[in-house]
Amino acid sequence: GPGHGHWSYADKDEWPLEFPDCGGQMQSPINIDTNSTIFSHELQPVVLAGYNLDPSERLSLMNNGHTVVLRLPGSLTIASGYPQEYRAMQLHLHWGSPEGPGSEHTVDGRRYDGEIHVVYYNPSSGSIKEAMRQPGGLAVLAAFLQVGPEDNVHYQPLLEQLHKVQEEGTERTVAGFNIEGLLPTNLSRYYRYSGSLTTPPCYQTVNWTVFNQTVLLSKEQISLLETTLQGDDDKDLQNNFRLTQSLHGRKVLANFQ
Ligand SMILES: NS(=O)(=O)c1c(F)c(F)c(SCCc2ccc(C(=O)O)cc2)c(F)c1NC1CCCCCCC1
Ligand SMILES: [Zn+2]
């Protein structure tokens with residue numbers, strides 16, 4: 001509850017009491033109404049650089065009680081697709097439960113099984129703490145996770161470690177792997193809008209990219225994500241998604257028709 005900075009998805013209606021930006025007019029996630037998007041041919045395909053990490057690299061994987069976070073080296077950058085330079089900070093996932101899907105964004109009202117967020121900061125804004133507070137200081141690349149016919153081998157290095165960070169607050173190091181494989185193969189078609197972190201402090205400083213192509217995982221992999229981690233007081237960490245927020249007049253761009 002409010003008062004000591006601790007929050008949960010259960011008390012999301014109280015977030016603005018403690019974190020005023022959470023009550024702002026540029027909040028995320030949103031529903032993407034594909035009939036209302038504005039076509040923009042200026043949005044270039046996203047090109048990533050430096051994502052195939054050598055196994056000798058060690059990355060921190062942490063269950064922070066709200067999601068599982070993989071910290072990323074700042075050497076992972078977005079080489080094209082944004083006017084500013086962005087450096088990777090971390091990636092994390094949002095998911096549902098065996099009872100229902102858990103993406104944060106929805107498309108024409110459809111919620112997908114899950115969603116991956118790769119979070120970046122703009123180094124010219126100074127430190128991460130300063131970048132977080134500057135409009136456009138953060139960028140998040142988002143992709144939907146969907147049940148497909150077979151295991152997604154690129155997710156195994158992440159999913160096979162989940163049981164080692166089952167408890168809230170636990171951390172493990174994992175060997176480097178091909179991070180790009182966690183995203184869709186086609187990074188040229190996407191939606192773009194200005195929004196916020198979907199968690200307190202809800203800073204309205206995020207340049208969002210939501211890819212059109214989804215990422216397919218097997219039912220078993222999605223189920224592992226939904227049933228392995230524990231959040232507050234040993235309850236299952238499930239449905240860690242915020243409800244969609246009003247656009248308040250914001251426009252969603254699309255670089256495809
Ligand atoms: N969708 S999202 O990008 O808004 C997002 C979430 F929805 C998230 F749920 C999270 S995790 C909750 C915030 C948090 C809690 C603890 C710690 C820690 O102990 O290190 C770190 C973060 C989470 F970490 C993020 N992303 C973070 C937002 C918090 C701080 C800003 C910098 C990294 C992006
Ligand atoms: Zn997120």
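Numbering of ligands and ligand atoms starts at 1, following listing order.
Here CD1 of I116 is found 12.5 Å from OG1 of T214. Values are rounded to the nearest 0.5 Å. Here the OG1-CD1 distance, from T209 to I78, works out to 6.5 Å after rounding to the nearest 0.5 Å.
When ring centroids are compared, H105 and Y193 come within the 6.0 Å threshold. For F256 and Y191, the ring centers are positioned less than 6.0 Å apart.
Close N/O approach between T198 and ligand 1 is found [any backbone or side-chain N/O within under 3.5 Å]. Taking only nitrogen or oxygen atoms, main chain and side chain alike, H92 reaches within less than 3.5 Å of ligand 1.
Counting the atoms of ligand 1 from 1 in the order shown, those under 4.0 Å from a heavy atom of M89 are 32 (C), 33 (C). Listed by number with element, the atoms of ligand 1 under 4.0 Å from a non-hydrogen atom of E104 are 1 (N). Against a heavy-atom cut-off of under 4.0 Å, H117 is close to the following atoms of ligand 1: 1 (N). Close contacts between ligand 1 and W7 involve ligand atoms 12 (C) [criterion: under 4.0 Å to a heavy atom]. Those atoms of ligand 1 with a heavy atom of V119 less than 4.0 angstrom away are 3 (O), 34 (C). Proximity to H66 (heavy-atom distance under 4.0 Å) selects the following atoms of ligand 1: 9 (F), 11 (S), 12 (C), 15 (C).
The shortest distance between side-chain heavy atoms of S97 and D236 does not fall below 4.5 Å. Contact annotation: the side chain of H94 never approaches that of R242 to less than 4.5 Å [non-hydrogen atoms, C-beta and beyond]. Side-chain contact between F177 and L182: present, with at least one pair of heavy atoms (C-beta onward) separated by less than 4.5 Å.
Hydrophobic clustering keeps V215 apart from V107 (ILVMFWY residues linked when any side-chain heavy atoms are closer than 4.5 Å, directly or through intermediates).
Counting only N and O atoms by type, the side chains of Q238 and E99 include no donor and acceptor under 3.5 Å apart.
At least one heavy atom of T67 sits closer than 4.0 Å to an atom of ligand 1. Under a 4.0 angstrom heavy-atom cut-off, H94 registers as being in contact with ligand 1.
Within the set Q90, R71, M62, the minimum heavy-atom distance to atom 20 (O) of ligand 1 is found for R71.
Closest N/O/S atom of H92 to the Zn ion (ligand 2): NE2. With respect to the Zn ion (ligand 2), H117 has ND1 as its nearest N, O or S atom.
Protein heavy atom closest to atom 9 (F) of ligand 1, with residue, atom name and distance, is Y9 OH, 3.3 Å. Here the protein heavy atom with the shortest distance to atom 30 (C) of ligand 1 is M132 CE, 4.2 Å. Residue, atom and distance of the protein heavy atom nearest to atom 5 (C) of ligand 1 are T199 CG2, 3.3 Å. For atom 21 (C) of ligand 1, the closest non-hydrogen atom on the protein side is N64 ND2, 3.9 Å.
With Y82 as the aromatic partner, R192 meets the cation-pi criteria of under 6.0 angstrom to the ring centre and within 45 degrees of the ring axis.
Ion pairing between a basic and an acidic side chain is recognised when a charged N comes within 4.0 Å of a carboxylate O; E14 and K12 show no such pairing.
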